[in-house]
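First up is the structure itself, then whatever we jot down about it.
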Amino acid sequence: MKATMTQVGHKPALSAGQIWNMSFGFLGIQIGFELQNGNVSRIFQTLGADVSELAILWIAAPMTGLIVQPIIGHLSDKTWSERFGRRRPFFLIGALLASLALFVMPNAPVLWIAAGMLWVMDASLNITMEPFRAFVGDNLPDRQRTMGYAMQSFFIGAGAVIAGALPWVMTNWLGLSNVAPEGMIPQTVQWSFYIGGAALLVAVLWTVLTTREYSPEQLASFEAARAATPRNTAGAAARTTAQFTRGGTLWVIAGLAIAAFVAFARSEAGAAALGTIEIAKDIYVLAALVGGFGVVQLIAGALRRQGREQSGFMEVVTDLFAMPRTMRQLAVVQFFSWFGMFGLWIYGTPGVTEYHFGASDAASAAYQNGADWWSLMGSVRNGLAAAAALGFVMIAARIDRCRLHAFNLLAGAAGFAAVLLVRDPALLWIPQIGIGIAWASIVSMPYAILAGCVPQEKMGIYMGVFNIFIVVPQLLASTLLGFLVTNLFGGQAIWAMAISAVSFVLAAVATFFVADGEGARALRPAAGQA
């Protein structure tokens, strides 16, 4: 970074090589996430989990993100070392822990250990990923942020291609067995996780060793110059003690009411009253989520009443309720986008193996072949996402980001619908076109828009808070998708793709209501440029 502490002005543009280096670590992060997303349901089923239990077992992933990312965002905002910087220490710590988890996960002897390792792995990946989002916001000027997040999206796609192809390559090129005795993880999955763990660590180390960060003083000078330009950063009014208390009470009551309904529905009297409608115990998680949000507000109200507002907890909660308007609008888009994606991750493998391959027994060769093929289709999807991200890089400064994102989400909805319409497994690459384009957009466009509407000194915490609107829909998917698939579609997992298609349409509609003032300015040349 060439800027000096005395420099006052807008953040200088970086070269393509510098943007490449700061984003390269995402290659490894996504290898880890894709191995998790593509194989954890397979591991759970191999160790004895029923399809109806998958959603609740997967709850570890969003729960760890909900807790970890705001905390890491807050801590990385407050961290600074002349030698290690602000975000890079978190990159390295998370990568070391995630690599270790990837080595342990495929050797889990029983289901409860595999479920526990999912918690560890997802927490570690979140420790690494959240500061990467803020890293681009820290180091790039507004006009380059779409390019920066699109570059991250490219590496997300490339990493997912590698991870998705590994089990298939192990079977078809290297001759490893993709079947194993009952209760054992196939060799193809084990070696895929080992290679992925090593790749994750190497990729993150590359970014750590080849990049630098602006100091707090430099960032403050950039923010001072940036503040002179009108932006859509106005947040809601500060929440009062009474509002915290009243809102918290209502949310706790709602959570208790949901829990009471589930308890009644699962009783003999409730079962008789509801007839064929089955209320799974998973809905208790929804009750806990609703009630927990109320408890958080009650604690915040109590701390404010006692004058104890100088804490990380209060800063996170206060910032959550004081989000800029654009961020609140994006939250709706994120909710429906990630609800749909989580349906793909939970039910993609069991849905395709049953619907397209006619296999539901995880120990059968037909199931394992179907799982390998669907994993390979994940590589196709993510390869298309990487190509789409390169397209975003080329058009980053020439297009309305909100309209582009809406179009991409509609393409994703069409892709989900096509999974149901295509019956020949060999043609499952067709739906991946739309889903891949949408995925590239989901992991780039909202972040580029967000980075332009939040204060620089809170980049990390707001990126962490933004993750709540990724995590909450995943938690709801973990509890509600099982209910919907069971009661509306007779337990046929493939119909989760229809739910995902509807969710993406709703996300696209919500995108048209997002005010991206920074995006409009990014289309104009910066001062002093032709």
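Reckoned from all heavy atoms, side chains included, excluding hydrogens, waters and symmetry mates.
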Between F132 and F91, how do the two ring planes meet: parallel, tilted or perpendicular, split at 30° and 60°? parallel

With side chains defined as the heavy atoms from C-beta onward, is the minimum distance between P473 and F342 less than 4.5 Å? no

Flag yes if more than 12 heavy atoms outside W345 fall under 6.0 Å of its CH2 atom; otherwise flag no. yes

If I compare all heavy atoms of F155 with all of S23, which pair ends up nearest, and what's the gap? CD1-O, 3.4 Å

S99 (side chain) donor-acceptor with L96 (main chain) under 3.5 angstrom: no

Before giving the answer on side chain to side chain contact (heavy atoms under 4.5 Å, CB included), spell out for L200 and T128 the whole-Å C-alpha distance, their side-chain angles and the decisive distance to 0.1 Å. CA-CA 10 Å; L200 188 158; T128 304; 5.5 Å; no

Between W191 and Y194, what is the ring plane arrangement, given parallel below 30°, perpendicular above 60°, and tilted in between? perpendicular

Are any side-chain N or O atoms of Q144 and backbone N or O atoms of P141, one a donor and one an acceptor, separated by less than 3.5 Å? no

Other residues, nucleotides and ligands only: do more than 12 of their heavy atoms fall within 6.0 Å of CZ on F407? no

Aromatic ring pairing W338/W439, orientation class (parallel under 30°, perpendicular over 60°, tilted between): perpendicular

Rounded to the nearest 0.5 Å, how far does CG of N467 lie from CD1 of I470? 4.5 Å

Polar side-chain atom of Y347 near backbone of W495 as donor-acceptor pair, under 3.5 Å: no

Using a 3.5 Å distance criterion without hydrogens, assess whether the side chain of E130 forms a donor-acceptor pair with backbone atoms of G464. yes

Kindly assign one of parallel, tilted or perpendicular to the pair F154 and W20, based on the angle between their ring planes and the thresholds 30° and 60°. tilted

Quick check for you: to the nearest 0.5 Å, what is the distance between I31 atom CD1 and I195 atom CD1? 10.0 Å

Determine, step by step, whether Q152 and V443 satisfy the side chain to side chain contact (heavy atoms under 4.5 Å, CB included) criterion, reporting the C-alpha distance in whole Å, the side-chain angles of both residues, the deciding distance to 0.1 Å, and the verdict. CA-CA 8 Å; Q152 282 192 355; V443 295; over 6 Å; no

Chi angles and distances behind the side chain to side chain contact (heavy atoms under 4.5 Å, CB included) call for V502, V505: CA-CA 5 Å; V502 172; V505 171; 5.7 Å; no

For Y149 against R133, the heavy-atom pair lying closest together: OH-O, 2.6 Å

S503 side-chain N/O to I499 backbone N/O, donor-acceptor pair under 3.5 Å: no

Between the side chain of Q432 and the main-chain N/O of V380, is any donor-acceptor distance below 3.5 Å? no

In this structure, CG of L330 is separated from SG of C402 (nearest 0.5 Å) by 7.0 Å

Atom CD1 of I156 and atom CD1 of I29: how far apart are they, to the nearest 0.5 Å? 8.5 Å

Could you grab the distance from atom CZ of F90 to atom CG of N126, nearest 0.5 Å is fine? 13.5 Å

Please test Y367 against Q45 for side chain to side chain donor-acceptor pair (under 3.5 Å), starting from the C-alpha separation and ending with a verdict. CA-CA 11 Å; Y367 176 94; Q45 286 187 282; 2.3 Å; yes

How many angstroms lie between atom CG of L205 and atom OG1 of T210, to the nearest 0.5 angstrom? 10.0 Å

Would you say the side chain of Y447 lies within less than 4.5 Å of the side chain of R145, judging by non-hydrogen atoms? no

For the residue pair L27 and I162, establish whether any side-chain heavy-atom pair is separated by less than 4.5 Å. yes

Heavy-atom pair with the smallest gap, counting every atom of A385 and G436: CB-O, 3.2 Å

Any side-chain heavy-atom pair from K11 and L140 closer than 4.5 angstrom? no

With a 4.5 Å heavy-atom cut-off, do F392 and L404 have their side chains touching? yes

Please say whether more than 12 non-hydrogen atoms of neighbouring residues, nucleotides or ligands are located less than 6.0 Å from CH2 in W80. yes

Do S153 side-chain atoms and A440 backbone N/O form a donor-acceptor pair below 3.5 Å? yes

I'd like to know if the side chain of S364 and the backbone of S360 have a donor-acceptor N/O pair within less than 3.5 Å. no

Would you say the side-chain atoms of N21 pair up with the backbone N or O of T211, donor to acceptor, closer than 3.5 Å? no

Between R401 and V514, is a side chain to side chain contact (heavy atoms under 4.5 Å, CB included) present by the stated rule, with each step listed? CA-CA 10 Å; R401 294 184 292 206; V514 176; over 6 Å; no

Do the non-hydrogen side-chain atoms of M341 and F504 ever get within less than 4.5 Å of each other? yes

Less than 4.0 Å between a side-chain N and a carboxylate O, is that true for D77 and R87? yes

Tell me whether the centres of the aromatic rings in F193 and F103 are closer together than 6.0 Å. no

Keeping the roles fixed (side chain from T171, backbone from P167), state whether a donor-acceptor pair exists under 3.5 Å. yes

Could you tell me if the ring centre of W429 sits under 6.0 Å from that of W374? no

Shortest non-hydrogen pair, P446 vs H405, comes out as CG-NE2, 3.8 Å

If we only count heavy atoms from C-beta on, is the L476 to L286 side-chain gap below 4.5 Å? yes

Could you tell me which non-hydrogen atom of V120 sits nearest to which non-hydrogen atom of A101, and how far apart they are? CG1-CB, 4.2 Å

Does any part of the side chain of Y214, heavy atoms only, come nearer than 4.5 Å to the side chain of D138, both counted from C-beta? no

State, to 0.1 Å, how close L102 and G197 come at their nearest heavy-atom pair, and which atoms those are. CD1-CA, 3.6 Å

